[in-house]
Every structure is written in structure tokens, then in C-alpha cells.
Amino acid sequence: SQTIHQWPATLVQPVGSPLSLECTVEGTSNPNLYWYRQAAGRGLQLLFYSVGIGQISSEVPQNLSASRPQDRQFILSSKKLLLSDSGFYLCAWSVTDRPHFGNGTRLTVT
Amino acid sequence: AQSVTQPDIHITVSEGASLELRCNYSYGATPYLFWYVQSPGQGLQLLLKYFSGDTLVQGIKGFEAEFKRSQSSFNLRKPSVHWSDAAEYFCAVGAGDTGRRALTFGSGTRLQVQP
């Protein structure tokens, strides 16, 4: 069966520090991969999606970037975090059906 | 582009009472529709989904939702709410081609259950 792993579960980082959140999927090949963000008191916003290795589409301009170095690995990064980057980040995968979500990473930028 | 509106930010119901959470969507074609639930600090769990066919969809935990094309709605219902249903609920619409299938989410409805 397919599983999705996302880590870390929580992260506290100072403003200006770099960020790297990792997501891996097991049990499937060539999935579509997504990064969503949920700001406090708001819904989920799609940040990036990827249909294949090295193929990244950005949905909103921001301080973040994404990379897909391997088929089932999706990384969310920032060179310098902003306070506004705080939120709950969710990775998801899909093949032909609905997206399947990881358990999320709560990022607090102080 | 598609959009989703959940007009109720916060709803409080008594345990055992019925529940209806509203969701309206905007999309030019037949959408894929979803309801997810999120417990505090957790990821998203799929309650139910509508792709085609019967417009009344049954989900997990006793939830159901009805797709009404004429009203562009996909409201979530449960006949008798349990205290464990307290959570945040998100309606989502999926669109785009097979290569994408990203979801657009509503802003969520927080459900509080009173004893």
C-alpha cells in the first residue's frame, strides 16, 4: 500500500534562517506531488505541484521554492524565512484519484 | 479558475443534533468534490468524494453529502453529531487535467460540539 512521510512534524526557526521540509512517498510510481500551506485560521493554499522529476509549478509567488530530485521525493525550501512563512505545511500525492495527504509540518518562524 | 466558499466559519451544535455544513463551488464543468476533516494539529482525512453518478454520497463516520448542480453546492450532513466530530471541515473542488489534479480548498468550518 502507499504511504506518505513528511518530516519534521514541528519546527521552530528564526527569521532569516533557511528551511528544508521533506516529503517522500512509498508504494507508487510517478505520482503527482503537492505542497499546500495552511495559515492560521485559513484554508489550504496550493503552493507547488509536480508531475515529474525536476518539474515544478508554482501557484503563488512567495519566499519558498520546491524541488523534486527523485520520483517520490518532494522538498520545500527557503533561503531566508519570513514571519509570514509560519503555518501548517502539508504534502500530498495523487495518481488517478484524489490527493492523499501527509500529517503535516507545523512551522513557527520567530 | 475554480473556487470554493464555506460561508460558516464556526458552527456549534449539541451532541446528538443534526449537522449541515455548507459548501458552494464555482467551476465551469462538472467538478470533483471532496470533504476533508482535520483534527487539531493533524493532517487531512478524506470524509467523502463525488466524481460522478449518484448525487448523494456516503462517507466515513456517518457523514453524507449531496451534490446539487443547480445550486453549485455540496453540503455535508450528519444526522446525529458525536463529541468526537469536533474538528475543522474543509470542502474542496478538484479540477484540471490528469497531470495535475490539484485541489482548491474552502477556508474551512470549525465545528464545536456541546455536551
Side-chain angles (χ1 to χ4, degrees), chain A residues 2-11 21 23 25 28 30-53 55-60 66 68 74 86-108, chain B residues 1-10 21-26 31-53 57 59-60 65 74 87-112:
Chain A
Q2 303 93 350
T3 56
I4 179 169
H5 303 279
Q6 189 180 340
W7 67 92
T10 60
L11 190 60
L21 302 182
C23 171
V25 180
T28 186
N30 196 29
N32 300 324
L33 297 173
Y34 312 88
W35 277 110
Y36 287 86
R37 177 172 63 195
Q38 182 181 28
R42 303 184 65 179
L44 288 96
Q45 181 183 39
L46 178 65
L47 301 176
F48 301 96
Y49 72 94
S50 171
V51 299
I53 296 174
Q55 300 177 61
I56 309 295
S57 295
S58 174
E59 289 294 294
V60 292
R68 186 171 176 174
F74 205 26
S86 293
F88 191 55
Y89 290 82
L90 284 158
C91 180
W93 70 271
S94 71
V95 177
T96 60
D97 202 334
R98 50 92 179 182
H100 305 256
F101 288 87
N103 285 328
T105 296
R106 183 159 302 283
L107 171 65
T108 303
Chain B
Q2 64 271 19
S3 67
V4 179
T5 301
Q6 292 181 247
D8 304 306
I9 297 173
H10 190 189
L21 302 183
R22 296 184 290 166
C23 172
N24 293 96
Y25 69 90
S26 173
Y32 301 136
L33 294 163
F34 306 82
W35 274 101
Y36 283 87
V37 61
Q38 184 182 32
S39 297
Q42 300 296 312
L44 298 178
Q45 181 181 25
L46 180 71
L47 287 176
L48 47 79
K49 61 187 179 184
Y50 172 80
F51 282 4
S52 66
V57 180
I60 63 171
F74 189 56
E88 187 140 25
Y89 292 79
F90 292 96
C91 180
V93 59
D97 58 27
T98 303
R100 178 178 166 179
R101 294 202 185 281
L103 299 186
T104 298
F105 285 84
S107 56
T109 297
R110 183 167 297 280
L111 173 66
Q112 197 169 5

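Labels below follow one simple rule: chain letters A, B, ... track the order of the sequence lines, proteins then strands, and each chain is numbered from 1. Values below: every heavy atom of this structure, side chains too, minus hydrogens, waters and symmetry copies.
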Practice task
Under the side chain to side chain contact (heavy atoms under 4.5 Å, CB included) rule, collect the residues that match up with B/A92, sequence neighbours excluded.
Solution key: B/F34, B/L103, B/F105
Exercise for the section: Under the side chain to side chain contact (heavy atoms under 4.5 Å, CB included) rule, what do B/T104 and A/L46 come out as? Steps first, then yes or no, please. Expected result: CA-CA 7 Å; B/T104 298; A/L46 178 65; over 6 Å; no
Handout entry: salt bridge (charged side-chain N to carboxylate O under 4.0 Å, His left out) partners for B/R110, two or more places apart
Key = B/E88
Exercise for the section: For atom CD1 of B/I60, decide whether the heavy atoms of other residues, nucleotides or ligands shown that lie under 6.0 angstrom number more than 12. Expected result: yes
Exercise for the section: First locate atom CZ of A/F101, then atom CD of B/Q45, and finally report the distance between them rounded to the nearest 0.5 Å. Expected result: 12.5 Å
Completion exercise
Distance col, row B/S107:OG vs A/Q38:CD, nearest 0.5 angstrom, shows 10.5 Å
Exercise for the section: Select one option (side chain, backbone, both, neither) describing which atoms of B/L46 are under 4.5 Å from chain A's heavy atoms. Expected result: side chain
Fill in the blank from the handout: Assert top hit (heavy-atom pairs under 4.5 Å, partner chain A, pool B/G108, B/G106, B/G43) equals B/G43
Handout entry: Under 4.5 Å from a heavy atom of chain B, the part of A/L44 involved
Key = both
